[in-house]
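For reference, the structure is listed below as structure tokens.
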Amino acid sequence: MEVIVTKTYEDMSALAARMIAQQILHKPSSVLGLATGSTPVGTYKELIRLHKNQGLDFSKVTTFNLDEYVGLPPTHNQSYRYFMDQNLFNHVNVPSASIHVPYGHAESVLDFCEWYEAEIQRFGGIDLQILGIGGDGHIAFNEPGSSLGSRTRLKTLTEETIEDNKRFFGPGEEVPRFAITMGVGTILEAKKIVMIANGKKKAEIIAEAIEGPVSSQVSASALQLHRHVVVILDQEAGSKLKRADYYKWVYEQKAKLMPNLIGKAT
Ligand code: GLP
């Protein structure tokens with residue numbers, strides 16, 4: 001695992017966007033796994049800037065989003081599909097036929113989940129997966145207790161997640177209790193994973209996920225089993241890491257001696 005603690009949210013976002021851009025430049029037909037939440041908004045902003053100012057081309061890119069609330073149509077302003085349209089898809093040239101976000105209104109959730117898994121395979125698997133982390137350590141909507149081998153499925157959200165996500169909904173609006181989410185096992189099959197986190201609120205859970213034991217109680221800890229994960233944090237999110245000095249040292253040495261290897265460690 002490569003852990004990079006940047007100074008600010010903007011630095012974290014710029015570095016994550018640069019890694020995504022490098023992936024697309026290296027393989028224009030990349031399959032990207034995308035995340036929602038407040039954390040990746042800055043990363044998507046930077047990608048839009050790179051598209052507009054530097055011609056970063058998404059025309060051959062395929063995307064798969066991690067999750068979606070059950071019961072919200074794609075046009076609902078709190079659906080993850082809507083979020084992605086507003087924060088990325090409407091501003092870059094990824095063809096709409098190449099965009100996949102779990103469908104929260106599927107008639108048969110079970111059939112949909114099987115189809116979603118097969119579709120990821122049909123495109124050759126995810127080249128680069130972007131992840132945030134929930135307050136309870138979830139990745140996508142894999143709440144504590146999710147099997148580390150789990151696949152795309154229906155998940156009941158915890159009260160903590162419902163509470164956390166209330167801030168995005170209007171007064172009186174109910175937060176859905178169910179979601180369709182890629183499983184931990186699905187995520188671990190991505191060829192490369194970049195996890196981002198910022199703010200004091202994430203410091204404790206980030207330390208648990210990165211330096212604690214691998215446990216289904218903290219889904220993000222499963223990333224320790226993956227051979228190519230880069231974790232990019234701002235200073236606050238990295239403030240509870242015991243080995244922060246070492247991560248900093250590694251980053252500085254690489255930046256000096258082999259800058260091309262940043263983000264390429266396994
Ligand atoms: C939701 C999403 C996760 C995301 C998490 C963190 O629960 N399903 O993919 O990582 O929120 O959200 P935020 O980035 O707003 O802290």
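Quick caveat: nothing in here was measured; it's all calculated off a predicted structure. Just follow the structure's listing: the first ligand is 1, and inside any ligand the first atom is 1. The figures that follow rest on heavy atoms only: side chains count, while hydrogens, waters and symmetry mates do not.
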Contact table, ligand 1 N/O with protein N/O, distance under 3.5 Å:
residue: ligand 1; atom: 7 (O); partner: His138; partner atom: NE2; Å: 2.8
residue: ligand 1; atom: 8 (N); partner: Asp67; partner atom: OD2; Å: 2.7
residue: ligand 1; atom: 8 (N); partner: Ala140; partner atom: O; Å: 3.2
residue: ligand 1; atom: 10 (O); partner: Ile133; partner atom: N; Å: 3.3
residue: ligand 1; atom: 14 (O); partner: Ser38; partner atom: N; Å: 3.2
residue: ligand 1; atom: 14 (O); partner: Thr39; partner atom: N; Å: 3.0
residue: ligand 1; atom: 14 (O); partner: Thr39; partner atom: OG1; Å: 2.4
residue: ligand 1; atom: 15 (O); partner: Ser38; partner atom: N; Å: 2.8
residue: ligand 1; atom: 15 (O); partner: Ser38; partner atom: OG; Å: 2.7
residue: ligand 1; atom: 15 (O); partner: Arg167; partner atom: NH2; Å: 3.1
residue: ligand 1; atom: 16 (O); partner: Lys202; partner atom: NZ; Å: 2.6

Distance flag, aromatic centroids of Trp115 and Phe112, threshold under 6.0 Å: yes
Aromatic centroids of His100 and Phe123 separated by under 6.0 Å: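 Yes, close enough.
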All pairs passing side chain to side chain donor-acceptor pair (under 3.5 Å) where residues 88-99 contributes a residue, at least two apart: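 Sorted pair list: Asp57-Asn93.
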Parallel, tilted or perpendicular: ring planes of Phe83 versus Tyr80, cut at 30 and 60 degrees: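 If you compare the ring of Phe83 with that of Tyr80, the planes turn out perpendicular.
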Parallel, tilted or perpendicular, as decided by the 30° and 60° cut-offs, for the rings of Phe169 and His76: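 It falls in the tilted class, 30° to 60°.
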Name of the residue among His138, Gln217, Lys155 meeting side chain to side chain donor-acceptor pair (under 3.5 Å) with Glu143: His138
